[in-house]
Colleague: 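Take this structure first; my questions come after.
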Amino acid sequence: QEWQNPFATWDPRDFCNISEIVLPMDTYWSPPIFILERVNGQNPELNYMVLMHNGSFNSTRPFQVTLTCSLIILKFPFDTQMCNLSIASFLYPVTDFVMKMRRTPAEMMKDSQSFFLTDGEWKFTNLSIIEYTEIMDDKGFSVVTYVISMERRPTLYILNLILPTCALYLLDMAVLFGPSSLEEKINFQIAIILGSSMLAVILNNSLPTSSNKPPIIGT
């Protein structure tokens, strides 16, 4: 965060060429912001800010938060999800408090990819930023929304779910139209049904539940 305070300026030549100082957050006014989609998280312990001689404040505070996100898993495991992270301050209307992005979405995207070091299930693909005014109780409030796009890595699900399922049904068709006796076909069909049931249990534990439409592979 960066903001200006014209009442907190000085000439460095009058103070031993000191051009910046570090102060606690409660020393001066700082922008009160909220993350709208936040459901849980840890507040930062780094409650300090840097004050420049020209009245420019700079505060870098790391947050670790859990956000809500509506998932669309119809194409699971080949799905791409878009989640919002909205930052707002409903204590000051837009006539008193306006938030603006200092960097472009391309610059933010580059920094975000450098910070995203985990090699897990998701791949960070895109980041866009929307600045708008939210109207509440006939007052406008400044809101900045980060739209984060994540693509699921499907390799694990292909190896553990899709390929075994296809193999089972191919075997089912081969036995059904094969020259085996009826008794052997029935026994093999029962084994395939049991295998399909086990795969269905594994699939049910792997799928996220927060979706209006079930995934095609589950159907």
Side-chain angles (χ1 to χ4, degrees), residues 1-12 14-15 18-73 80-116 122 124-151 208 210-212:
Q1 293 177 304
E2 287 187 0
W3 67 96
Q4 291 288 134
N5 188 339
F7 300 103
T9 61
W10 72 89
D11 189 349
D14 297 335
F15 298 94
I18 297 175
S19 60
E20 64 179 48
I21 55 175
V22 179
L23 298 172
M25 290 292 293
D26 55 0
T27 306
Y28 281 89
W29 177 90
S30 59
I33 61 172
F34 309 95
I35 300 177
L36 303 185
E37 294 85 2
R38 175 175 176 173
V39 294
N40 197 1
Q42 298 178 359
N43 291 325
E45 297 180 357
L46 190 64
N47 293 319
Y48 291 90
M49 56 188 175
V50 178
L51 171 59
M52 303 295 294
H53 66 92
N54 58 357
S56 175
F57 285 82
N58 188 303
S59 173
T60 302
R61 308 177 70 196
F63 282 87
Q64 182 180 1
V65 297
T66 301
L67 308 177
T68 60
C69 182
S70 179
L71 300 180
I72 302 176
I73 59 173
T80 299
Q81 306 295 339
M82 298 180 64
C83 296
N84 294 341
L85 191 154
S86 302
I87 299 176
S89 177
F90 294 118
L91 299 181
Y92 300 97
V94 72
T95 54
D96 300 333
F97 184 84
V98 178
M99 290 189 295
K100 294 290 183 181
M101 296 307 304
R102 186 185 63 178
R103 291 180 289 180
T104 63
E107 294 173 338
M108 296 289 293
M109 174 73 179
K110 184 178 179 180
D111 289 344
S112 299
Q113 287 180 331
S114 65
F115 294 142
F116 196 79
W122 294 96
F124 184 75
T125 56
N126 192 26
L127 174 67
S128 59
I129 304 173
I130 304 174
E131 300 176 357
Y132 63 98
T133 300
E134 181 78 18
I135 304 298
M136 294 181 60
D137 297 332
D138 297 330
K139 291 184 179 180
F141 298 92
S142 179
V143 181
V144 175
T145 298
Y146 297 84
V147 182
I148 304 168
S149 298
M150 309 283 285
E151 181 180 342
S210 58
S211 178
N212 293 327

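All residue numbers in this chain count up from 1 along the given sequence. Computed from a predicted structure; not experimentally measured.
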Colleague: Distance check, rounded to the nearest 0.5 Å: E2 atom CD versus K100 atom NZ?
Modeller: 16.0 Å
Colleague: So does D137 have more than 12 non-hydrogen atoms from other groups sitting under 6.0 Å from CG?
Modeller: no
Colleague: Just list the side-chain donor-acceptor pairs under 3.5 Å for residues 124-134, sequence neighbours left out, or say none.
Modeller:
residue: T125; atom: OG1; partner: S149; partner atom: O; Å: 3.0
residue: E131; atom: OE2; partner: M101; partner atom: N; Å: 2.9
residue: Y132; atom: OH; partner: T145; partner atom: OG1; Å: 3.4

Colleague: Give me the atom names and distance for the closest heavy-atom approach of C69 to M82.
Modeller: SG-O, 3.8 Å
Colleague: Which heavy atom of P62 sits nearest a heavy atom of T60, and at what distance?
Modeller: CD-O, 3.9 Å
Colleague: State, with a plain yes or no, whether a side-chain heavy atom of R61 is found less than 4.5 Å away from one of N47.
Modeller: yes
Colleague: Has S89 got a side-chain atom pairing as donor or acceptor with P32's backbone, closer than 3.5 angstrom?
Modeller: yes
Colleague: Do you know the tightest heavy-atom contact between Q81 and L71?
Modeller: OE1-CA, 3.5 Å
Colleague: Is any side-chain heavy atom of F15 closer than 4.5 Å to a side-chain heavy atom of I21?
Modeller: no
Colleague: With a 4.5 Å cut-off on side-chain heavy atoms, are E37 and N84 touching?
Modeller: yes
Colleague: Taking side chain as C-beta onward, heavy atoms only, is Q1 less than 4.5 Å from I33?
Modeller: yes
Colleague: Testing the basics here: between L67 and V65, what is the closest heavy-atom pair and its distance to 0.1 Å?
Modeller: CD2-CG2, 3.7 Å
Colleague: Taking atom CZ of R38 and atom CD1 of I87, what is their separation to the nearest 0.5 Å?
Modeller: 11.5 Å
Colleague: Would you say M150 and C83 make side-chain contact, with heavy atoms under 4.5 Å?
Modeller: no
Colleague: To the nearest 0.5 Å, what is the distance between CG on D11 and CG on N54?
Modeller: 11.5 Å
Colleague: Kindly compute the distance separating CG (L91) from CG (D96), expressed to the nearest 0.5 Å.
Modeller: 11.5 Å
Colleague: Side chains of F57 and S30: does their closest heavy-atom pair fall under 4.5 Å?
Modeller: no
Colleague: How far apart are the closest heavy atoms of I135 and G140, and which atoms are they?
Modeller: CD1-CA, 3.8 Å
Colleague: Under 3.5 Å, is there a donor-acceptor pair between the side chain of W10 and the main chain of I18?
Modeller: yes
Colleague: Which heavy atom of M49 sits nearest to which heavy atom of S59, and what is that distance?
Modeller: CB-CB, 4.1 Å
Colleague: Is it true that, when you exclude Y48 itself, more than 12 heavy atoms of the residues, nucleotides or ligands shown sit nearer than 6.0 Å to its OH?
Modeller: no
Colleague: How many angstroms lie between atom NZ of K110 and atom CZ of R103, to the nearest 0.5 angstrom?
Modeller: 11.5 Å
Colleague: Within the 4.5 Å heavy-atom criterion, are W3 and W29 side-chain neighbours or not?
Modeller: yes
Colleague: Report yes if some heavy atom in the side chain of S142 is under 4.5 Å from a heavy atom in the side chain of Y92; otherwise report no.
Modeller: no
